Each structure stands twice: as C-alpha cells, then as structure tokens.
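The structure appears below as structure tokens.
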Amino acid sequence: MANISGFSKLSKQEKVDWICKHYLDNHQEAKHKITQYWNSDAKLQKLHDEFAENTISNYYLPFGVAPNFKINQQTYAIPMAIEESSVVAAASKAAKFWDDKGGFKTKVLGTTKVGHVHFMCKAKPQQVEDFFKQIETQLYADAKPLTKNMEKRGGGITGITLINKTNQLDNYYQLHCHFETKDAMGANFINSCLEQFGKTLEAQAVKYEDFTSENRPEVVMCILSNYVPECLVKAEVSCPIQQLGSTEAEAQNFAKRFKQAIDIATIEPYRAVTHNKGIMNGIDAVVLATGNDFRAVEAGIHAYAAKDGQYRSLTQVELTDTQFTFSIEIPLAIGTIGGLTSLHPLVKVALAMLGEPSAEELMQIIAVAGLAQNFAAVNSLVTTGIQKGHMKMHLMNILNQFEATEAERQKAVEYFKTHTATHSEVVKFITQLRA
Ligand code: MEV
C-alpha cells in the first residue's frame with residue numbers, strides 16, 4: 001500500500017487513478033464503479049465535490065417520502081434519506097395509523113443552545129469570580145460585531161455564566177454560554193462568539209491587577225456543545241385504548257404488551273440502545289434529508305437518553321384505564337437556513353416539501369418521525385416480530401443482487417409469502433428457477 005504527499009492537490013481524475021492503482025485490484029473496473037456516479041451536470045457535480053475535501057465520487061442514499069403525517073392538524077409528507085429497508089414503510093404505516101386518531105401533537109419546550117470557553121486558572125475562586133464580574137459586559141461588547149445580524153433576527157447571546165469545576169479537575173473553570181440562533185443551527189455563530197470570548201478573557205486577564213503571570217486564566221478551548229438539553233421538543237400521540245385493536249381484548253393486550261416493551265427499554269440499557277436506535281432511524285433520515293448534522297443530533301440525543309446516569313428509552317407510555325398516550329422528548333439543535341440547507345438542491349426540495357419550515361417546526365417534524373418509527377418498531381416487536389416486514393425488503397435486495405427479471409421477482413414474491421426468505425433459501429429458489 002502506498003503513501004502520497006499532495007493528494008489534495010491532484011485533480012479528481014488523478015485522485016481516482018492514484019487510488020485505483022494503489023488500493024484497488026481491478027483498476028479499470030474500480031475506475032468505472034467510482035466514476036459512473038459522477039453527475040453529467042458539471043455545475044451540480046462541482047457543488048457536491050466542494051462540500052468536502054478529496055472527493056472522488058458521489059455516494060447515493062435513497063431519498064424517500066413518508067406521506068400522511070398529521071402534525072398539529074396539518075398534513076405533511078416527510079422526506080427521509082436512508083439506506084435501511086423498511087424504515088420509510090414503517091413511518092408511513094405509523095402515520096396512517098394515527099391519522100384518524102387525532103394525529104401527532106407536538107411542542108417545542110426550549111430553543112437554547114450551549115457552548116463553552118474551557119479555561120484553567122490557578123488563582124483563588126473568589127478572584128476568578130471577581131474578574132468575571134468585571135469583564136462580563138466586555139465579553140458581550142467585544143462580540144457585538146458577530147452578534148449584530150443574529151440580533152436583528154431575534155437571536156444572540158442569551159447568557160454567560162462562570163462555572164467553577166475545580167472540584168472535578170484542578171484549576172478548571174468554564175464560561176457556560178447560552179445562545180438563541182433562531183432558524184440557523186448556529187454552529188459557526190456560536191463557535192465564533194466563543195472564540196471571541198476566549199480572546200477577551202485572555203486579553204482582560206493580562207490587564208487585571210489581581211492576576212500574575214503564574215495564576216492568570218489560560219484558555220484551553222472554545223467550542224459549542226452538542227448536548228442541548230434546553231433545546232427540547234416533545235411529540236405525542238394518544239387514543240382510547242379500544243382503538244388499538246379490533247376487539248376490546250386485543251386492544252387491551254396490545255396496550256399492555258406495548259407498555260411492557262417501553263418499560264423494559266426504560267430500565268434495561270441493552271434494550272434501550274436498540275429501542276433508541278430504531279427511533280434514530282426516523283430522526284436521522286429526516287435530519288439528513290433536510291441537510292442537518294446527524295452526528296451532532298445523534299450525540300446530543302444519546303447523551304439526553306442517559307441524563308439521569310443510566311441510558312434509557314427516549315419514549316414513554318402512559319396508560320390510564322381507558323387512554324393510551326405515547327410520547328417522545330428529545331433535544332434537537334437543527335436549522336432550516338444556512339449550511340447545506342441553502343446549497344444542496346435535494347435539501348432545498350425536502351424543505352420545500354415541508355412548506356419551508358422554521359427550525360422550531362422542523363424540530364417538531366423530526367420528533368414525530370422518531371416517535372412514529374418507534375411506534376412501528378415496537379408494534380411489530382410485540383405482535384408479529386420484525387422479521388416478517390424486514391424479510392420482504394431483504395428478499396428484494398437479494399433479488400436485486402441477482403439482477404432478477406420482473407417475472408422472476410413475481411414468482412419469488414409469491415413463493416416467499418409462505419416461506420421464510422433467508423439468504424440461502426432465496427439463492428436456492430433463484431438457482432432452481434433459472435435451471
Ligand atoms: C432496526 O433498524 C431497528 C429496530 O431494531 C428497533 C427496535 O428494536 O425497536 C427494529
């Protein structure tokens with residue numbers, strides 16, 4: 001395997017040639033596989049190439065739509081970018097199920113985003129506090145050129161607090177900063193403000209008489225936090241228990257088993273992780289389709305699932321004698337302006353499809369996608385099991401691998417209605433059919 005210096009300076013074609021020559025066995029075939037995904041529209045291709053560095057091709061994900069989502073009495077078709085089979089189908093099924101039962105109700109509980117200036121200081125805690133009081137207004141003033149535009153849109157810095165963490169780490173303090181970024185995810189805005197706070201802190205510290213060169217604050221880093229427990233959204237569905245089945249007994253049994261599944265995911269981390277993974281199937285797909293940062297959302301949501309010290313289910317069920325209520329509460333720092341949202345043509349389509357939502361509206365739609373996904377997964381798990389639905393898509397994927405004709409597909413679908421579609425059984429079926 002080869003090394004190279006200056007890879008980033010090579011043209012795209014040269015990068016492909018180099019990687020194929022040194023890392024891929026069948027050069028010509030590999031080159032074809034990579035370049036067949038290049039878009040013939042040069043301008044569009046350039047746009048995609050420039051999203052990231054060292055791009056050699058495009059990596060497609062299916063862009064699907066889950067229709068019929070009634071959210072706060074308004075109907076949405078939700079765009080989902082996801083490679084996993086059954087996810088979009090499950091979301092659509094859940095949407096349909098809740099459509100005539102009042103649909104989804106949602107509420108944004110907060111929109112505060114967070115970031116920190118992490119710094120070390122050997123001075124006495126009281127000295128650090130006094131210093132902070134003295135520079136607080138300066139912190140805001142020096143950041144003014146950065147906050148002016150955000151303030152015009154109703155956002156800005158909403159608080160700066162000094163936190164003493166020296167009981168956990170020697171000499172460690174932080175400026176815990178709150179931001180309102182309105183429709184922007186705001187990562188650049190927040191990080192720029194924090195870096196300015198860091199500069200102000202160090203510059204003011206040099207002038208501060210109580211500090212010496214030995215005990216002056218030293219900034220370690222300035223960065224937003226993807227843990228945003230005050231940027232929170234809630235989604236809920238509710239219906240009389242009797243509507244959960246075709247008979248009273250069936251409905252009661254379903255409600256009981258559904259609640260047991262949620263209770264298990266609440267106390268058992270092994271189950272909670274898979275349970276929440278299913279929720280993220282819905283959330284990530286919408287986050288991705290709308291051009292948001294799914295890694296940030298994932299990190300923040302999983303941290304929230306462990307907020308009381310144990311990793312737990314993100315969804316809850318409440319059962320009264322007659323009523324079933326199922327809800328989710330998650331932190332979501334997302335945006336509908338800036339970043340990819342104004343660059344990626346399909347992201348623009350996704351946002352248009354949702355009626356150009358504000359960030360708060362999108363938070364609610366995303367929470368609904370997560371709740372719907374969880375409803376569908378748990379519904380299957382406590383009734384038929386998930387393999388029945390999964391295997392249908394699995395069958396299609398295997399048939400695709402074999403480049404099955406339409407006639408072969410129809411025969412396979414018919415046959416596997418009554419047989420289990422394991423990989424080996426499908427291969428056997430196709431081989432026999434072709435023989
Ligand atoms: C698969 O992607 C997701 C599920 O495992 C979620 C769950 O178990 O709740 C079906």
Side-chain angles (χ1 to χ4, degrees), residues 60-66 69 78-98 104 234-237 244 253-289 294-295 297-306 310-319 324-330 332 366-398 400 420-423:
Y60 289 178
L61 277 183
F63 180 90
V65 175
F69 270 94
I78 300 186
M80 302 177 88
I82 186 155
E83 87 299 347
E84 186 175 329
S85 57
S86 301
V87 169
V88 179
S92 310
K93 210 170 142 193
K96 205 122 193 224
F97 180 86
W98 287 104
F104 294 79
K234 185 172 177 166
E236 183 180 292
V237 283
L244 294 170
N253 189 44
F254 175 82
K256 183 189 80 185
R257 288 173 61 77
F258 196 99
K259 178 156 180 357
Q260 284 167 343
I262 305 300
D263 288 347
I264 291 169
T266 304
I267 62 110
E268 169 53 63
Y270 278 100
R271 173 58 200 149
V273 171
T274 317
H275 177 94
N276 290 346
K277 186 276 180 187
I279 293 172
M280 299 315 292
N281 279 343
I283 291 177
D284 280 347
V286 187
V287 168
L288 208 51
F294 65 92
R295 286 85 56 207
V297 165
E298 283 269 355
I301 290 183
H302 290 300
Y304 193 72
Q310 187 190 314
Y311 191 89
R312 297 181 191 281
S313 164
L314 292 159
T315 51
Q316 288 90 36
V317 165
E318 216 187 285
L319 281 186
F324 172 89
T325 304
F326 181 46
S327 64
I328 189 169
E329 192 182 278
I330 42 166
L332 270 178
I366 293 170
V368 163
L371 186 67
Q373 209 63 48
N374 192 227
F375 180 79
V378 175
N379 180 6
S380 294
L381 286 168
V382 301
T383 56
T384 58
I386 56 155
Q387 284 310 88
K388 201 169 160 220
H390 273 211
M391 280 318 199
K392 231 188 264 169
M393 295 302 287
H394 187 53
L395 171 63
M396 288 306 157
N397 284 337
I398 303 169
N400 277 343
T420 309
T422 62
H423 191 273

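Since the model is a prediction, treat every value here as computed from it, not as a measurement. Counting starts at 1 for both ligands and their atoms, in listed order.
- Within the 4.5 Å cutoff, side-chain heavy atoms of His275 are placed close to those of Thr315.
- Note that the NZ atom of Lys259 and the CD1 atom of Ile264 stand 11.0 Å from one another [nearest 0.5 Å].
- Remark: Arg257 CZ to Gln260 CD distance equals 7.0 Å, nearest 0.5 Å.
- Side chains of Asn374 and Ile262 form a contact here, defined as non-hydrogen atoms less than 4.5 Å apart.
- Applying the ring pair (Phe, Tyr, Trp, His ring centres under 6.0 Å) rule to Tyr60 yields the partners Tyr37; only residues at least two apart in sequence or on another chain are considered.
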Which protein N or O atoms sit under 3.5 Å from any N or O of ligand 1? Give each pair with its distance.
| residue | atom | partner | partner atom | Å |
| --- | --- | --- | --- | --- |
| ligand 1 | 2 (O) | Glu84 | OE1 | 3.4 |
| ligand 1 | 2 (O) | Glu84 | OE2 | 2.5 |
| ligand 1 | 2 (O) | Lys277 | NZ | 2.7 |
| ligand 1 | 2 (O) | Asn281 | ND2 | 2.9 |
| ligand 1 | 8 (O) | Arg271 | NH1 | 2.9 |
| ligand 1 | 8 (O) | Arg271 | NH2 | 3.4 |
| ligand 1 | 9 (O) | Arg271 | NH2 | 2.7 |

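- Ring-plane geometry between Phe324 and Trp98 is classed as parallel, the angle between the planes falling under 30 degrees on a 0 to 90 degree scale with a further cut at 60.
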